[in-house]
Amino acid sequence: MSSPKTSPKTGPKTGPKTGPKTRKDIEFVGFDLGHGETALTRAFAQGHAEPEILEYRGVRSLITAVAKDRDGVRIGAEALSLSDAKIWAKFKSPELDAADVAEPLTLFTRTLVEGLADDGSLRGPGESRFVIGCPSGWDDDVRADYLRLFNAAGLTNARIVSESRAALMTALEQGYLSMDDARASVLIVDIGSSTTDFTYCRDLAADDVGHNVLGSGLLDNEILAVNLARQPHREAIDALLTAHPSYRPILEFWCREAKEAYFTGEDKPVEMIRRLPGPGGAGGGKSILFEIRMDKADADAILAKPLPSLHGYSWEGAYDYALRETIEQLGGRAPDTVLLTGGASRLPLVLPATQAAFPDARVIRGAEPEFAIARGLAWLGRFEFLHESFKREVGSLMGPDGDVTKLAGQAAKRLGDTLAPALVDGLAEDCIRPAFRAWRSGDTRSLSDVEVDLMQRTADWLRSDAAQARLKPVIDSWFAGLQRDIETITDPLCREHGLPAMVLSLDDSSHVSQHLEGLSLSAPNIAQLETDTALLGTTLAAITVSALLAHANLFAPLLMNPIGLIIGGVVTGGGYLYGRKALSGRFKSANVPVLARHVLTDKRIDQATAKQRPDMVKAVHAAWDDQAASRFGEDLSGMLGRALLERADERAVLFLI
């Protein structure tokens, strides 16, 4: 390789100092460190484009290898060109305490990230937010240790995410899965260089149902063995490997290239020629040609060969066994969809074997499965950041000094303006008039009994469809105005997060109702309002109507719905005593002859009600303002907070679009 060697680094590169980053500037890097190859992608918080694959010196998929000698450090294919250096390859492992894992992992990561920062491909460890994948089968302790190694490499702003989640995210974003598919049941089969992981997802919740050491890296060794056996200069090559063991990973890398070229080339034979130093090592003699060939016969033989590392199973047999074992682990949970991911999912046996194991499922494999994890990691970083930011800012609107909290308090006071007249008119029409008609006809014995009857009629009316029909338009109109006011605040917030305006709209009345139904207001303790209304100069109807309203504070509504909540705040809010003294004494309890009662005509009842209406409306409004509005405003604010946060969660999927 002609690229210059890098110099040893003394610390992580943080890049130039800049001002605070806006949400649009935040950079998420998906880091898929594989046993055989590594890929990184980048996405921005406010962007909508697919995460871009980062190239390290022109290479999109970097060989997971690192070499160190007296001149510096190289990674990827360049590392395998240093014959006399210390070379590590295929070092991804849960055995993180091992020196041949921890040291190369941190060295490889630091060199890769600093190199990408140097050429401007990313900002660097000081500013970029890294989302790093790991096999689903790794437990929390291993993940914590894994994260510490990346922190030691300078990636202080990093977190670990299951690779299966990243694969699911990519399938959703690229359209291979719909949201309904993902919420149903999906089995994710991630076939990498070192492991095959099986993850069952239902309603986006993941369950690890199997993982093993069945990786495509095992095939690299077998391809090398097959090709070594037919080399005309086998003895010279063996002598070179004995004298310089660092050449073995170089040969494995060449065989890996042949494998990938063959399995992505529709079974077309692949032939490659590479040069090795002759006797005496590098530069010590005439070079040796190393000829690599891969055809269908080779592929079939390699895939069918029993391997000691697989306990005598062939790669093909081990995959079939892993599928059967996964079916047992599922315990009857048949997936609707099977998602194949990882570069090794291209192996020709994988798709038909999976289809045979799950005949009723839809088996899919996206384009470029080798980059699915890296892309999904960057997408996850962006998605989860935006969702949390969105929920946090929605929550701030509902704080004690939040804009929506203030609107709720103002709206609660305004409600009295329109609710009081509607409530008084409804009571007059559906309760007061029928109660006096019953007294006039003799069905009710005395005016004292009319009071009892009216209280029952009012309680029944507040629970009736008639009350809801009368008051609902008033409440709907009031809430529509409140909703428009709220949307002037929430719509810009939605647009700022790249979401359509109206995402937080509460125009779905059933959505709001589910929050209102569980609320009620206890009756405020308001002093009764008493006036000295003399019998002289007043009609019987006016006196009796106002007297009966004296017990309005006892009309406790029992409704548990949106209308009932508001009515409760009004009707239980006050009492009305007009003319109690005029009606005190024997007349109130007297059984007036029915014939005499006919003086109380419908016209007189209506006139009396109309005469009392302004005072009744004013009293209801005053009771609402003094006591009920504040308490209702608090409950309204709480309801709106729950509704908006629930709507934010429901709309989280829009960040995937």
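Because the structure is predicted, anything quoted here is derived from the model rather than measured. In this chain, residues are counted from 1 in sequence order.
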Cation-pi check, Arg333 to Tyr200: give yes when NZ or CZ is under 6.0 Å from the six-membered ring centre and within 45° of the ring axis, no otherwise. yes
Is the charged tip of Arg60 near the ring of Phe371: under 6.0 Å from the six-membered ring centre and within 45° of its axis? yes
Please check this pair: side chain of [X] against backbone of [Y], looking for a donor-acceptor N/O pair closer than 3.5 Å.
{"X": "Ser185", "Y": "Asp336", "value": "yes"}
{"X": "Tyr176", "Y": "Ala367", "value": "yes"}
{"X": "Arg365", "Y": "Leu339", "value": "no"}

Please indicate whether [X] has more than 12 foreign heavy atoms, meaning atoms of other residues, nucleotides or ligands, lying under 6.0 Å from its [atom1].
{"X": "Arg275", "atom1": "CZ", "value": "no"}
{"X": "Arg274", "atom1": "CZ", "value": "yes"}
{"X": "Asp140", "atom1": "CG", "value": "no"}

Is the Phe290 ring parallel, tilted or perpendicular to the Trp254 ring (thresholds 30°, 60°)? tilted
Ring-plane angle category for Phe150 and Phe31, please: parallel below 30°, perpendicular beyond 60°, tilted otherwise. perpendicular
Checking Lys86 against Asp69 for the salt bridge (charged side-chain N to carboxylate O under 4.0 Å, His left out) test, could you report, in this order, the C-alpha distance in whole Å, the side-chain angles of both residues, the deciding distance, and whether it holds? CA-CA 6 Å; Lys86 171 65 174 175; Asp69 63 8; over 6 Å; no
Cationic N near anionic O, under 4.0 Å, [X] to [Y]:
{"X": "Glu173", "Y": "Arg375", "result": "no"}
{"X": "Glu222", "Y": "Lys305", "result": "yes"}
{"X": "Glu271", "Y": "Arg293", "result": "no"}
{"X": "Glu291", "Y": "Arg230", "result": "no"}
{"X": "Glu370", "Y": "Arg346", "result": "yes"}

Heavy-atom closest contact (Ala79 atom, Ile87 atom, distance): O-CD1, 3.6 Å
Nearest heavy-atom approach of Ala344 to Gly192 is CB-O, 4.2 Å
Compare all side-chain heavy atoms of Thr337 with those of Leu187 and state whether any distance is below 4.5 angstrom. no
Heavy-atom side-chain proximity of Glu114 to Leu116 below 4.5 angstrom: no
Residues Glu27, Ser128; criterion side chain to side chain donor-acceptor pair (under 3.5 Å); working and verdict: CA-CA 5 Å; Glu27 177 184 77; Ser128 305; 2.4 Å; yes
Hey, are Ser178 and Asp180 close enough side-chain-wise for a donor-acceptor pair under 3.5 Å? no
Within the 3.5 Å criterion, strictly below it, is a donor on Ser162 or Ser136 matched to an acceptor on the partner's side chain? no
Given ring pair (Phe, Tyr, Trp, His ring centres under 6.0 Å), test Phe28 with Phe385 step by step and report yes or no. CA-CA 10 Å; Phe28 298 94; Phe385 169 80; 5.6 Å; yes
Distance-only check: which donor-acceptor pairs under 3.5 Å involve side-chain atoms of residues 91-100, not counting sequence neighbours?
residue, atom, partner, partner atom, Å
Lys92, NZ, Leu33, O, 2.8
Lys92, NZ, Glu163, OE2, 2.8
Ser93, OG, Glu95, N, 3.0

Report the distance from atom CG of Leu219 to atom CG of Leu303, rounding to the nearest 0.5 Å. 6.0 Å
Can you measure from CG (Leu147) to CD1 (Ile160) and round to the nearest 0.5 angstrom? 5.0 Å
Verdict with reasoning, Thr199 to Asp208, per side chain to side chain donor-acceptor pair (under 3.5 Å): CA-CA 5 Å; Thr199 307; Asp208 176 32; 4.8 Å; no
Pair listing, side chain to side chain donor-acceptor pair (under 3.5 Å) test, anchored in residues 314-327, at least two apart: Tyr319-Thr354
